[in-house]
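The structure appears right after this line, and notes come after that.
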Amino acid sequence: MPPPAVSTAPVAPVVASSSSAAAAAPRRPRSLRLRVTPYASVSSSSSPSTLAVSIPPPPPARHSRKQLVGRDGAPAKPAKPRVFFLDVNPLCFRGSQRSLGAFARWLALFFAHVSLRDPVVAVLDGEGGNEYRRRLLPSYKAHRPRGPGTGADSRVIDVLRECNVPVVRIDGYEADDVVATLTEQVLQKGFRVVIGSPDKDFKQLISEDVQLVMPIPEIGRWSFYTLRHYVAQYKCDPTADLSLRCFIGDEADGVPGIQHLVPGFGRKTAVKLLKKHGSLENLLNTAAVRTVGKDYAQDALVKHADYLWKNYEVLSLKRDVKVQLDDRWLSTRDSCNDSSVLSDFILKFNEGQNISEDARVELESERAPNRTFAVPENMPK
């Protein structure tokens, strides 16, 4: 895909950062002098994506003593830098209802406690993104509304841009597929990836260099979910996640599991077979020529192979979306707009006093260090 044309335009006013002494304690918003800084936008008439990016100069690299000194005092390599992908659409809902207040609160928490000033790329579902999966499996997300008003609206996109977050939307693709494609490109650049989303589809991407961070309403915080958490929860490697979900299905997305056809074939049987054979492909190929398990499992694998392959095609994230990572998205994010932009957004679209106050406290408090929260027992399966 040819590189998009680059043009420059003025950005919305940027509030200068306060001094470290003044930031030591929370304070009420006050009138500040505004200063305009350059803003670069990226667009392409030939591309269906919607992109916007701010390109501030990165600050000097800072490393803690712990990062720079390894065992026995030997020099240690600094940890790989992180890039965050934010799956926007699920954050715009509270339950099944659209909620700008919920989005504002999760975004404020995300900036204050999770990403800090690491690069963030926001990704939205493109127009008609579900259609090719619905053609394969009509029940796929059939219970979810379609059309205008079912995704993030222009106000959400505007807030992200004003907080210097590039926004990517590719028509014909779900956000999951765009994130999966861009994740591959970011890893090739030597970065780690953290995906901010409640969507369990992303678990198939988990590795040493790919983590998830999920909004958990029960604790009111984002919670990191890593390779270690996955192995502890599922007792298998994430490389088998997609194959496992082909067996157990995804009720939330309208993808039925094989237990609907073979009631005795559940998670335990699937995990046991996948541990031995590694993947759905290896398992089905082996079952076609010899016995791989008990009679009911063997019969199910032979009789319902096409059913499982269809689930595989529906549930697997695409890695070939026509989108190209812009190196400027890897720059340290300029966070000086966060407090003023999100505070104004909360006040304008206040949907509940508690949510507004919670978000305002997060925005006005001193930035806390990045933290890993315990994974609740009711973590999505």
Side-chain angles (χ1 to χ4, degrees), residues 11-15 39 41-43 48-54 84-115 118-130 141 144-171 173-179 182 194-199 202 213-215 217 220 222 323 329 333-352 355-356 358-360 362-363:
V11 72
V14 175
V15 180
Y39 178 83
S41 63
V42 179
S43 61
S49 59
T50 300
L51 308 174
V53 59
S54 174
F84 285 82
F85 287 107
L86 189 63
D87 183 16
V88 174
N89 289 86
L91 305 180
C92 298
F93 290 83
R94 187 183 300 114
S96 60
Q97 300 297 316
R98 289 180 56 82
S99 171
L100 291 173
F103 166 76
R105 182 177 187 275
W106 286 121
L107 188 64
L109 289 166
F110 187 80
F111 287 158
H113 293 291
V114 180
S115 66
D118 288 317
V120 179
V121 179
V123 185
L124 284 72
D125 290 334
E127 184 70 25
N130 292 339
K141 296 186 178 180
R144 301 189 186 182
R146 309 190 201 186
T150 59
D153 63 24
S154 59
R155 293 170 292 185
V156 168
I157 295 172
D158 289 343
V159 166
L160 290 165
R161 289 175 174 171
E162 290 172 15
C163 289
N164 298 314
V165 174
V167 176
V168 182
R169 171 191 279 162
I170 308 294
D171 287 342
Y173 293 96
E174 294 185 78
D176 306 21
D177 299 318
V178 178
V179 169
L182 289 173
V194 184
I195 301 169
S197 175
D199 192 340
F202 287 120
V213 61
M214 300 178 172
W222 290 86
V323 60
W329 300 349
R333 188 178 67 87
D334 184 352
S335 60
C336 66
N337 283 1
D338 293 0
S339 179
S340 59
V341 170
L342 288 176
S343 293
D344 289 346
F345 185 81
I346 291 167
L347 289 173
K348 187 174 182 180
F349 301 108
N350 182 21
E351 298 180 332
I355 291 176
S356 177
D358 287 348
R360 197 178 351 263
E362 295 295 342
L363 289 168

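Numbering starts at 1 and runs along the sequence shown.
- The side-chain contact (heavy atoms from CB on, under 4.5 Å) test applied to Asp125 returns Asn89, Glu174, Ala175, not counting sequence neighbours.
- Between atom CD1 of residue Ile157 and atom CD of residue Glu162 there is a gap of 12.0 Å, rounded to the nearest 0.5 Å.
- Note that the CG atom of Asn337 and the SG atom of Cys163 stand 6.5 Å from one another [nearest 0.5 Å].
- Atom OG of residue Ser99 and atom CD of residue Gln97 lie 9.5 Å apart, to the nearest 0.5 angstrom.
- Minimum interatomic distance between Phe345 and Arg155 (heavy atoms only, all atoms of both residues): CE1-O, 4.0 Å.
- Remark: the backbone N or O of Glu127 is paired with a side-chain donor or acceptor of Asp171 at under 3.5 angstrom.
- Between the side chain of Asp344 and the backbone N or O of Leu347 there is no donor-acceptor pair closer than 3.5 Å.
- Panel note: side chain Trp106, backbone Trp222; no donor-acceptor pair is recorded below 3.5 Å.
- Taking 4.5 Å as the limit, some side-chain heavy atom of Phe103 sits within range of a side-chain heavy atom of Leu160.
- Counting heavy atoms from C-beta on, the side chains of Arg333 and Asp338 come closer than 4.5 Å.
- Within the model, atoms CG of Leu100 and CG of Asp153 stand 5.5 Å from one another, a figure rounded to the nearest 0.5 Å.
- Close placement of the Phe84 and Phe110 rings is indicated, their centers lying within 6.0 Å of each other.
- Scanning both residues, Pro198 and Pro90, for their nearest heavy atoms gives CG-CB, 3.6 Å.
- Taken from CD1 in Ile195 to CG in Leu86, the straight-line distance is 11.0 Å, to the nearest 0.5 Å.
- Of all non-hydrogen atoms in Leu342 and Ala108, the two that sit nearest each other are CD1-CA, 3.8 Å.
- In summary, of the residues considered (Ile346, Leu91, Val159), a side-chain contact (heavy atoms from CB on, under 4.5 Å) with Leu107 occurs for Val159 alone.
- If you take CG on Asp87 and CG on Asp176, they are separated by 6.0 Å, rounding to the nearest 0.5 Å.
- For the side-chain contact (heavy atoms from CB on, under 4.5 Å) test with Val121, the passing option among Val178, Val168, Val179, Val167 is Val168; the others fail.
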